[in-house]
J.: 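Have a look at this one.
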Number of protein chains: 2
Amino acid sequence: MSAHAIEHDAVADPPASAEAPSAGPCAIPAGFDQNLGWLLAQCFRAYTYAVERAVADLPHGHRGFQALYGAANCSAHNQAELAKQLGVDRTVMVYLVDDLEKAGLAERLPDPNDRRSRLIRATPTGRERLADAQSAISAAETELLAALSDDEQKALRGMLCSIAAHQRTPVEAANPCAVVDEMKQASN
Amino acid sequence: MSAHAIEHDAVADPPASAEAPSAGPCAIPAGFDQNLGWLLAQCFRAYTYAVERAVADLPHGHRGFQALYGAANCSAHNQAELAKQLGVDRTVMVYLVDDLEKAGLAERLPDPNDRRSRLIRATPTGRERLADAQSAISAAETELLAALSDDEQKALRGMLCSIAAHQRTPVEAANPCAVVDEMKQASN
DNA sequence: TATTGTTATACTCTATAACTATA
DNA sequence: TATAGTTATAGAGTATAACAATA
């Protein structure tokens, strides 16, 4: 089973303008409050569901948004590296970028240093659409995190960053043998 | 995601020197540290990967573990409710429980109050296997969260609980129309 | 009429293998 | 020989529709 399947799940909903932080709409099922795996999955499902509408008009929804985000931020040097950053297979990245390109949101530029590589960049149109999506996402996130104070929200983001930064790159994660080999090396 | 969107004009050149950032095993790709969706997905991917081996011998891996966990904790009154708690379709839950049952880890008991329902409970063997898996998972989680202090880890779990508890039940999430209908009702 | 559990089927998404071109 | 990108295809995973039993 692949870690990618998680991205399909969706959950939860933005509370309808009613004031309901304390009158919790839903309790955590017995025992699961002690289950980090469930908590992470549940929060990610809730996130996906909350953001779904904000990115509905982008090709491939939330995943397309992340690809466009990476393109706009020049997070990767080529298509393969972007795929690794997003945790998707490189064959999946092909049609993901294809569709962003068809929509005029991203483009493949030749890499002057390596004629095999393509730099994935956002077009001006893509940046506009990205900004629009980010506004909508920001609103959805506000509701998602409504139970947390501003300080808590900041702390949460910081901790997620720490966890993510502490992990090995998705490259190796996708290739368990490489991880093991590297760990052996590191222990020497 | 905070209010600041990506600067449209000031997209810098891709970092020319592609050398890996020093000590840390892995750095966060440019921009993604401000992207809550990516952070959540990345952390969940890391979790899934870290825990994968700990639950490899259970039917359906991590998902099977969660189902068994719910069964052992009597989190749900029947199969359908458990499916909702785990964010899976009820047709998926059928063979999930089927395989746990075949492995002797869980069982379907008749519900005295409703002859349509089946109570999903863990067998003694299932509880043993669950305890073993939890030990292994706990070790994996220790590594996953190694970048956080004990207090931070506690705070993180608390915040994830708050977020999860603030969302509506997965029931409605699995059926967007129902959510809309309920929101309409709620607003009346 | 609605809900629980089930089965069979169709669909979506993902990964594997093979290929070209570069390095 | 290894890597980037692509394509086609097989596979895994998921949801839809229909059914029987029960409420």
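Each chain gets a letter, A, B and so on, in the order its sequence line appears, and its residues count up from 1.
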J.: Quick one: do B:Asp57 and B:Arg129 make a salt bridge, cutoff under 4.0 Å?
T.: yes

J.: For the pair made of CG in A:Asp111 and C1' in C:dT22, what is the distance, rounded to whole Å?
T.: 12 Å

J.: Is B:Glu81 paired with B:Arg90 through a side-chain N to carboxylate O contact shorter than 4.0 Å?
T.: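 No.
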
J.: Charged N to carboxylate O below 4.0 Å: is that the case for B:Lys102 and B:Asp99?
T.: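 Yes, this pair counts.
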
J.: Less than 4.0 angstrom between a side-chain N/O of A:Arg108 and OP1 or OP2 of D:dT6, yes or no?
T.: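 True: A:Arg108 side-chain N/O within range (under 4.0 Å) of D:dT6 OP1/OP2.
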
J.: Which heavy-atom pair separates B:Phe44 from A:Gly37 by the least distance, and what is that distance?
T.: CE1-O, 3.9 Å

J.: Can B:Tyr47 and B:Glu141 be counted as having a side-chain donor-acceptor contact under 3.5 angstrom?
T.: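 The answer is yes; a qualifying pair exists.
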
J.: Just how far, in rounded Å, is C1' of D:dT22 from CZ of B:Arg118?
T.: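 To the nearest whole Å, that distance equals 11 Å.
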
J.: Might you list the N or O atoms of the protein lying below 3.5 Å from N or O atoms in nucleotides 16-21 of chain C, with each pair's distance?
T.:
from, atom 1, to, atom 2, distance (Å)
C:dT16, O4, A:Thr91, OG1, 3.3

J.: Would you work out how much the helix from C:dT1-D:dA23 to C:dA23-D:dT1 bends between its ends, with each end axis defined by five base pairs, to 10 degrees?
T.: 10°

J.: Starting from P on D:dT16, measure out to CE on B:Met93 and report it in whole angstrom.
T.: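 So the CE-P distance, B:Met93 to D:dT16, works out to 17 Å.
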
J.: Over all strands shown, is A:Asp114 touching base, sugar-phosphate only, or nothing at heavy-atom distances under 4.0 angstrom?
T.: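 The residue A:Asp114 makes sugar-phosphate contact but no base contact.
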
J.: Answer yes when A:Arg108 and A:Asp98 have at least one side-chain N-carboxylate O distance shorter than 4.0 Å, and no when they do not.
T.: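 Yes, charged N to carboxylate O under 4.0 Å.
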
J.: Under a 4.5 Å cut-off applied to non-hydrogen side-chain atoms, are A:Phe32 and B:Gln66 in contact?
T.: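 The answer is yes; the side chains approach within 4.5 Å.
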
J.: Is it the case that more than 12 heavy atoms not belonging to B:His77 sit under 6.0 Å from its NE2 atom?
T.: no

J.: Kindly point out which of D:dA23, C:dT4, C:dT6 is positioned nearest to the side chain of B:Arg115?
T.: D:dA23

